[in-house]
Novice: 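Dropping a structure here in structure tokens format, bear with me for questions.
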There are 2 protein chains.
Amino acid sequence: MFKHVKQSRAYQDVVEQIQDGIIAGTLKPGSQLPAERDLKEQFGVSRGTLREALRVLEQKGLIEIRTGVAGGSIIREVNSEQLSENLGLLIRNRTVSLRDLAEFREGMEGGVAALAAQRGQEQDMALLKKLLTEAEEHLKEGRKGWDAFIRTDEMLHMALARMSGNQLFISVLESVYYNIHTYYENYLSRGKKILQENFNDLQAIVTAVTERNEEAARELAQGHVRRFNTYMEEKEA
Amino acid sequence: MFKHVKQSRAYQDVVEQIQDGIIAGTLKPGSQLPAERDLKEQFGVSRGTLREALRVLEQKGLIEIRTGVAGGSIIREVNSEQLSENLGLLIRNRTVSLRDLAEFREGMEGGVAALAAQRGQEQDMALLKKLLTEAEEHLKEGRKGWDAFIRTDEMLHMALARMSGNQLFISVLESVYYNIHTYYENYLSRGKKILQENFNDLQAIVTAVTERNEEAARELAQGHVRRFNTYMEEKEA
DNA sequence: TCGTACTAATGGTTAAACCATTTGCAGCTG
DNA sequence: CAGCTGCAAATGGTTTAACCATTAGTACGA
């Protein structure tokens, strides 16, 4: 439950002070920290120690460091980049398999679809229909449209996630998709028949969402993901 | 898709070389890197630069650094700690509401229960029953057993997550529970009647899991979480 | 008006020294 | 001999001071 205490590490103290400031809102995204030579005075540490702290904060995704005059440490808008990186590391160390990723996604897409049905605005619904039309067009293009279809499919899923209004779903699903595409691109299902089935699923989901039928959206999305996981696993074997 | 290239940063090069070694398996978990004063020679950089690289690797969770003779940088077994930290930062920074956390959890618990029903071993089932018995005892203790009941409830949910055999579920749920307890402890439902209902739900879920009834387990777990989210939201209002 | 070159601010790197922590061993003591 | 004490050495942690590299702004000249 608790993390081990590492004592007498000055840079850790610096990291925590800045991090707390960001979380508390004292340090707002976009604003700049003082220059290293100033900061080291304020913290009462050497520049080397301060820089180790800044490296840690950078790795956590909390700041971005630019060189040159008017450069320096800029507080970042927090995003899911670091989460993605860590997921990627886990995956590459074989701790997380394709099956794990897919199962995880299955767990979430149902909830996302239900929330999207509940909270989507008119403009969101319009976007869904637009993406659906795009997908259909890519499908008609035959083999050369397959990759584009898969991209559109993903955009549609991410649009649903954004409609859920839940940043956790958005960030985590972003990570999952990023890692699936980076490390398992080849296992994504292709082929006329299977993509047609995929499209039919999407159409049904979008219809349920636009009709604000939460339970139908949940069931359809879950079933859809589950079925396509099976296809991927067959391909993996 | 691609990350921005940051040029002329020597420490990044060091990070990548070591990280690649770990991923490729050349550097195995548990093994030690040479001392800083040796490493800096091998990489041809100064000690300060090398240390910035080590700080980054440490923050990524790839190495652990110990002081003293026989200390140094030890390659770590990759685990979910960093993922949890990132998720925690996202949660805190986005000022994610209790509702967001709860919805997210709702999305996952169903999948977890279904997988647990599918993959649980005999000993896992035994643990579930043991935890259920404990929970019942805490319930009988009245008001003073409430906190203990909630802990047991959480342990039961984590046991289910572990039974799923999916490291992603395990890591993410760990982080979600940790953050709920850290920031929303006061909103957790208490009271004789409500905890009794909670217990009944748990009993039903465990029964479904031990009978390997995936769909029942999924439905029960999802419904359970959803219902208790409503209670929490009422309390929040 | 445009472009070139200089200037200054800022992060990136280096070097050498010293501090702090930890392990293990030598030697002392009972 | 058993066990404690304290020192020595290895290793990470920190400091200092200097210099290199990159970049935005500015002054100046074609």
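Labels below follow one simple rule: chain letters A, B, ... track the order of the sequence lines, proteins then strands, and each chain is numbered from 1. Atoms considered below: every heavy atom in the structure, side chains included; atoms not considered: hydrogens, waters and symmetry mates.
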Novice: Examine C:dG12: is either OP1 or OP2 under 4.0 Å from a nitrogen or oxygen in the side chain of A:R51? Give yes or no.
Specialist: yes
Novice: State which of C:dT13, C:dG11, C:dA9 makes the closest approach to the side chain of A:V69.
Specialist: C:dA9
Novice: Return the value, rounded to whole Å, for the distance between atom CD of B:E64 and atom P of D:dG12.
Specialist: 13 Å
Novice: Can you check the A:Q32 CD to D:dT23 C1' distance for me, whole Å?
Specialist: 13 Å
Novice: With no hydrogens and no angle check, do the side chains of B:N86 and A:Q82 hold a donor and an acceptor under 3.5 Å apart?
Specialist: no
Novice: With a non-hydrogen cut-off below 4.0 angstrom, is B:T67 in contact with a base, only sugar-phosphate, or nothing?
Specialist: sugar-phosphate
Novice: Does B:E52 pair with B:R9 as a salt bridge, N-O distance under 4.0 Å?
Specialist: no
Novice: Taking donor-acceptor contacts at under 3.5 Å, does the side chain of A:R37 reach the base of C:dG11?
Specialist: yes
Novice: Is the closest basic N to carboxylate O distance between B:E58 and B:R55 below 4.0 Å?
Specialist: yes
Novice: Can you tell me how far P of D:dG13 sits from CD of B:E58, to the nearest Å?
Specialist: 7 Å
Novice: The side chain of B:S46 is closest to which nucleotide in this list: C:dT14, D:dT11, D:dT14?
Specialist: C:dT14
Novice: In whole angstrom, what separates B:L54's CG from D:dT14's C1'?
Specialist: 15 Å
Novice: Could you check B:S73 against A:G48 and say which one's nearest nucleotide on DNA chain D is further toward the 5' end?
Specialist: B:S73
Novice: Scan A:R47 against the nucleic acid and name what it touches under 4.0 Å (heavy atoms): base, sugar-phosphate only, or nothing.
Specialist: base
Novice: Salt bridge check, B:E85 against B:K60: does any charged N sit closer than 4.0 Å to a carboxylate O?
Specialist: no
Novice: At under 4.0 Å, does any side-chain N or O of A:R9 touch on OP1 or OP2 of C:dA20?
Specialist: no
Novice: Does the pair B:E77/B:K28 count as a salt bridge with the N-to-O cut at 4.0 Å?
Specialist: no
Novice: Between C:dT13 atom P and A:E52 atom CD, what is the distance in whole Å?
Specialist: 13 Å
Novice: Rounded to the nearest Å, what distance is computed from the CD atom of residue A:E41 to the P atom of nucleotide D:dT15?
Specialist: 12 Å
Novice: Starting from P on C:dG12, measure out to CG on A:L50 and report it in whole angstrom.
Specialist: 11 Å
Novice: Check every atom of C:dT14, D:dG12, C:dA9 against the side chain of B:V45 and return the nucleotide holding the closest atom.
Specialist: C:dT14
Novice: Closer than 4.0 Å, any side-chain N/O of A:R66 to the OP1 or OP2 of D:dA24?
Specialist: no
Novice: With respect to the phosphate group of D:dG13, does any side-chain polar atom (N or O) of A:T49 fall under 4.0 Å of OP1 or OP2?
Specialist: no
Novice: Would you mind reading off the distance between A:I65 atom CD1 and D:dT23 atom C1', rounded to a whole angstrom?
Specialist: 16 Å
